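Note sheet for the following structure.
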Amino acid sequence: MTPQSFGKAIRRTEDERLIRGRGSFTDDAGSAGLSLTMIRSPYANARILSIDISEAWEVEGVRAVLTYSDLPGRLVEPLPLLIPHPSLVAPRTQYILAKEHVRYVGEAVVAIFATDRYVGEDAAERVIVEYEPGEAVVGIDAALGTDLVHDDVPGNVAADHAEHVGDVDQALAEAPHVLELALDMERSMGSSLEGRASHATWDRHSRKLRIQNATQTPTSVRFAVANILEIPDEQVDVFAIDVGGGFGTKVIHPWPEDILTAWGAIEYECPVKFTEDRVEHFISSSHERAQRHQIKVGFDEEGRILGLDVDFVHDNGAYTPYGMIAPLITATQLPGPYKLPNYRVRFRSVYTNTVQVTPYRGAARPHAVFSMERTIDRIAAFLEIDRAELRRRNFIQPDEFPYDLGMIFQDGRPAIYDSGNYPELLEKVLAMIDWDDFPERRSQTPPGRRRGIGVACYVEGTGLGPYEGGHVRVETGGKVQVSTGLASSGQGHHTVFAQIVSDELGVPFEDVEVVTGDTRRFQYAVGTFASRAAVMSGNAVAEAARLVKEKAIQIAADALEANPDDLEIVDAQVQVKGTPARGIPLAQVAVLANPLRYSFSEAARAATQFAGAGDPDEPPIKPGEDPGLEATGWYSPIRATFASGAHAVEVEVDTATSEVEILRYCVVHDCGRLINPLIVEGQIHGGVAQGIAGALYEKMAYDEDGNLQNASFMDFLMPYCTEIPEVEIDHLETPSPLNPLGIKGAGEAGVIPVSAVIAAAVEDAEGFQINHMPLFPSELHEMRLRDAEVSE
Amino acid sequence: MNAEESYEIRLKVNGETQQITAPARRLLSDALRGELGLTGTHVGCEHGVCGCCTVLVDGAPVRSCLTFAIAVQDREIRTVEGLAADDGELHPVQEAFKECHGLQCGFCTPGFLMTACALIEQNDDPTEEEITEAIAGNLCRCTGYQNIRTAVRYAAEISRSDKT
Amino acid sequence: MKPSPFSYHPVASVEEAVQLLSELEDAKVLAGGQSLIPLMNFRLATPTHLIDISGLAELGKIKANESEVEIGASVTHSQVLQSEQVGSELPLLAEAEKLIAHEVIRNRGTLCGSLAHADPAGEMTAVISVLNGKVQTASVSGGRTIEATDLFEGPLQSSLREDELLISAIFPKLGPRTVSSFREVARRHGDYAVAGAVSVVEYDSNDQVRSARAAFLSVGPVPTLVSFDDLLRGNRIEDVGHSEVYNFLSSQLEPHGDLQASADYRRHLAAEMGWASLEACT
C-alpha cells in the first residue's frame, strides 16, 4: 500500500454538516409524540413507602405515569450486569424504576410520558412519593464502616481482587530502603455537553423499533433492548449518528430510559424520546475517579524499585453495572513503563449511596499513574536523585519488548507490552520543557510566586478486543460505502476510516463515505471505548478493503484477460501496473460483480446475461462467492496494544491566592503510526484539558447525607478556555506489531498522567507533599499553612 | 388543571418571520429547536453557563436558554443555520472551524460559531485578548480550546481578506 | 429543567408596570432575566406572572451630572460597559462590569436587575455599597429612595417590597483626589468571586490618605463595608504596608466556608484582595 492519505492531516468530512447546524443529535429527531420525564429520588438511602400519582393526571398532556408496579414483562428485572468477573463477588444493578428502595440521590422512581418536558415536569411536581430515609453511606471511610448500602452485601464489598508478580514480601524485607505513601483521588465525571438521550419509534407496519440513541455502543443497546422487551433482534434498529461527547459514560447500557422509551414507543404507538437535562446528567448517569491508595515500595541505593505493594479502595457508588473494570485497570496499569519484578496489588471495590461509578476517559488509569509517579518522585526525593534520572533507571528498555507484566489485563488476556521506547519519550519531553535549565528559571521566580516542574510517564493498553468488523462496498456509481458497528462522538472516525480505505483500495478519499454506529448497516460490534476504535475498526475496514481489492482485481483480470498479479488499483481504476490505458474503472467492476438479468442503466447492460464473456461451463456466481463488489472484514487482536507517553509541566503558584498557573504543558505521545495527526492532536488537547480540569477544578461534592451539592455547571467547575493553557505536542511512533496498520489507540492518552504531573510540579514548587487530588486553592492554602507550622 | 395559556409569538429568525403558538414559558432555545425545527442550536445546561445555546439577538450573543421566546418577538435572531450565504457559501467562521479542526463532537460548536461571528463582524482584527474575552463564556469538553482559538484567529483573517 | 407556567405582561410604561405589580398575585419583574430565568428553570422561582420591563425606553437611560451617574432599570450590563459616559464619569462601574459573568450574560442582564437580585457575591452590590449609592423605586403608593446600606437584607434578599419596581440606580461619582480599584479572585474567569474587594481612597493635598473604605464581596450575607480611616488616615498606603492591612482585615471579616473555599481561606483571600485593591489605589 503506497500511503497517500494515511498520515496526512486531512480535514474532517464530519464537519460540513456540523458547522452548518445540520448535525443529527438524538434530541434533534423531533418533538412529535411523547417525552419522558423522570422523578428521581431526593434521598441517598430510603425505603419507598408510597407513591400517589393521582394529581399528576390533572395536568393536560400527560399520557401515562408509571411506577415499578406498572412495569410489564422483563422490565421488572434489575438491569444487566455487563461485565462479570470471578472477583466481583457481590455485583448489584439498579431497577428500571426503583422497586422498594432507593440507594442514591437521582435514582429513577417514576416515569411520566407526556407531550413535552414542560408538561412532564408539571406532572412530576404533583406526584407525591413518601420515603423513609435511612443512614447514607458516603465516601470510602463510611463504606468501610458499619452502615450498609445493600443489606445483603457485607462490608459493602462488591469486589475484592488481588494480582501479584514475584514475591513482594521478600523483596520489601530485603530492600535497603522502604517508603510508604497514602494517596487519594476524589470523584469526578465525564460531563459531556450532550447528556444521555434516546428517541424511539415503532413502525407497526414494518414491525421495526427504530432507536436513535446517544450511545457509544449501538449494537449492544440493540441486543439489550430486544432482550428485555422480548422481541427479535431483527425488529430493532439502533443508530447513533451524532453524539455530543461520550467519554465512557455513554458506553453504559441500557439505561432505564433506553428501555422505557423503547417500550413506550410500542405501547403508545408514537415516538417517545428522553433527553436528560444537566442536573440529571450529574445525578443519574455515571461518575468515576474516587480511590484511596496505600503504597509500600522497596528500593536500592540507585533508586531501582525492588518491590511494590499497593492496596487500594475504589468507591463504586450504589451499583456496579460495569463490574470492577475501573479498579482492575488501575491494578494492571499501575506498573506503567517500569520494571517491577515484585509487585502486588489488591483492591476492594466498595458500595456507597452515591451515583454509580463506571469508566470515564482514562478509565482509572489516572489513579494508577498517580500512584506510580508519586512513588517514583518520593524515591527520588529520598535519595536526592533527579526525578528524570530515577525514571531512566527503572524503565523497561526498548530492546525488552514484548514485555510480559505477568498479569491478566481487562480484556481477560495477558498484559504484554508489544512495543515502545520509554527512554526516548522521556528525553524528548525533558528537552521540550528545558528540564535541565529549570533551576535557572526557578531562581528568577518573582516574589510572591513559587515555581515548580514535574514529569510523568504512562503506558496505556489500547485497542482491546474481542473484535470489530468493517464492511466495504463499491457502488456501481463509483462511491465506496464503508460501515463499521462502533459509534462516533467526535473522534473523526468517518475521516480516518475513509483515509484507510482510500489507501487500501486505491480510490480517491473524497469518494469514500463512512457510516458508523448504525445497526442497519453493521450489526456486530463491541463499541467505542478503551481507545480502541482506530485500532479495531481501522484494521477491520482495512481488511474489508483488501478483500474488495482482491475481488476487484480478480474480476478485472477476467475482463481484461490479464494476470491478476499484473494488476493494480490507482485512482479508482483497475489497470495493468503502470499502464492506465489498459484498465477498467472500479465502478464498472462493481457492475460486473453482480450478474444481472435486467439492466437498469447503460452501465448495467455490461453485466446482463447476454452481454458477453461468461464461461458457459461455470455458474455466474461460483460456490463460495457473493454477488457485488463488497466484503466484510474482521479484526480480532491477540491482545491489547500498548500506547505510551510522557507529560511535563511547569507551574507557578501564587502564594497569596494559592492559584496554580500552568506556564508550559508539554506532551510527547506514542500511539504507533498516526492516521491523521490533526485528529490525534485534537484528542490530546481535549484529554489534557479534561486532565487539568480534574486536577485543579472538578470534583463531585457530596455532603454526608449523599446530596450532590454541585449538580450544576455553576458549582461543578468545568473550565473555560481561560483556564486551559496551550499544549505543546511531539510524537514518537513505535508501530504496533500486533495489527497490520501498526496503530495504537490515542483517545484517552491526554488525560491519563495529568493529575500526577501537576501534583509533581506543585510539590516541587511548594516543597511539601501533595498526596491528594484534585488540588483547589483553598486546600493548597491550608496545606501551606500547616507545612509552615510544622517547620517552625 | 386548565390548559396552559398560549400566545401567538412572532419570531424573526435568519431573516424570516414565522409565527408560532406557544406558552409564555417556552424558552427561545426550545422554540427554535421545537416549534421552528431549527435544531442547530443546542441545549447543554439550561442555566446559562455552557454556551451551547448561544444565538445572536440584534447582533449580540445571548443565551437562548435564558430567554423566553415571547420576550424577543420581532427582534433579529440569527442562528447557526443562518450563517452560510443563501448559495451555501460558508461564513468565514464556519470555514475557519473546519480548516483548523475547531470541533470534534460538534455539540458546542454552533454556540462558538455564533459568538465568533458576532466578534468578527464587529471587529475583524481582534487581539488575542479580545478573542479570549469573546469565547471565554463557551464550554467545550472535546477540543481543549486550542484549535478553537486558532479557528477564530483564522476566521478574522479570512474575513479581512474577503474584504480586500 | 423547564420553568413552570406563567402569564406574560409586557408593559409600555412604569405606571402600567407598578399597577400590575400591585394587582397581580405572585408576580415578578422581568428585565434581562439572567438571574431570574436560571432560578425559574430550576423551578426555584415559580412566579405566575412576569412583568416585562425590558422594552421600557424611559428606563433605558444612562444619565450623568456633576455628582452622580444614574442607570435606568432596563440598561444592560453591556450598555454600561460600552457607555462612553460611564467610562469618563465613573470608570469604576466599567471596571466592575468587566468582572461580571461573560459578555453574553451582560448582553441581556441589567445592572439594576443584579441589584434587585441582591447577591452578596455580585460586583454591583459591592460597588453601590462602597460608593454609598441609592436606588429609586416606584409603586402604586408612590416611589422612594433606598440607600445602599438599606437595600440588602440578606443573601438574595433585598428590601424592595413585592409591589415595588426598582427604576434606577444612582452612583455618586468619585470626588477630586479620589481613586478606586476592584480586585477579586474567582475560580474560573467570569465566575462569582470567591472573595473580592472594591476600595475607594481619598487623598489630601499631601498625597496622604484622608479616608479609605472598601466593600467586600462574598464574605457575608450582604456586601460588607470596612472603613480604613483609623488605620490609614494621614499615611500613605505603602507605608502602612501589607501586614497591618492584612491583620486588620482578618480581624474584621468573618466569612463562611462553602464548596469553593474554607472560611479561613476566604478570610485570608478577602484580606489579600483588600490589600491588593488598596495598593492599586495609589
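Bear in mind the structure is a predicted one, so any value in this text is a computation, not a measurement. Proteins come first, then strands; the chains are lettered A, B, ... in the order of their sequence lines, and each starts at number 1.
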If you count heavy-atom pairs under 4.5 Å between each of [options] and chain C, which one has the most?
| options | answer |
| --- | --- |
| B/Ala136, B/Cys65, B/Gly51 | B/Ala136 |
| B/Thr54, B/Thr115, B/Thr67 | B/Thr67 |
| B/Val62, B/Ile70, B/Asp30, B/Asn138 | B/Ile70 |
| B/Ala134, B/Cys45, B/Ala118, B/Ala71 | B/Ala71 |

Q. Would you call C/Leu21 and C/Glu164 a side-chain contact if the rule is heavy atoms closer than 4.5 Å?
A.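 No. Closest side-chain heavy atoms not under 4.5 Å.
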Q) Got a salt bridge between B/Asp74 and B/Lys12, using NZ or NE/NH1/NH2 to carboxylate O under 4.0 Å? A)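 Salt bridge absent between B/Asp74 and B/Lys12.
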Answer with side chain, backbone, both or neither: which region of [X] has an atom nearer than 4.5 Å to a non-hydrogen atom of chain B?
| X | result |
| --- | --- |
| C/Leu30 | side chain |
| C/Pro3 | both |
| C/Leu39 | neither |

Distance-minimising heavy-atom pair for [X] and [Y]:
| X | Y | answer |
| --- | --- | --- |
| C/Ser88 | C/Pro91 | O-CD, 4.2 Å |
| C/Val80 | C/Ile62 | CA-CD1, 4.2 Å |
| C/Phe216 | C/Ala197 | CE2-CB, 3.6 Å |

Using non-hydrogen atoms and a 4.5 Å limit, figure out which bit of [X] sits close to chain C: side chain, backbone, both or neither.
| X | result |
| --- | --- |
| B/Glu5 | side chain |
| B/Val55 | neither |
| B/Leu27 | side chain |

Q: Name the option with the most non-hydrogen atom pairs under 4.5 Å to chain B; the candidates are C/Lys98, C/Met40, C/Arg108.
A: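 Of the options given, most contacts go to C/Arg108.
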Q | Heavy-atom pairs under 4.5 Å with chain B, option from C/Arg106, C/Met1, C/Glu103 with the top count | A |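 Of C/Arg106, C/Met1, C/Glu103, C/Met1 has the most heavy-atom pairs under 4.5 Å with chain B.
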**Q.** Mutual orientation of the aromatic rings belonging to C/His49 and C/His9 [parallel < 30°, tilted 30-60°, perpendicular > 60°]
**A.**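 Ring orientation of C/His49 relative to C/His9: tilted.
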Q. Between C/Glu70 and C/Ser168, is any side-chain donor less than 3.5 angstrom from a side-chain acceptor?
A.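 The criterion, which ignores hydrogens and geometry beyond distance, is satisfied for C/Ser168 and C/Glu70.
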Q) Between B/Glu81 and B/Thr79, is any side-chain donor less than 3.5 angstrom from a side-chain acceptor? A)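 Short answer, yes.
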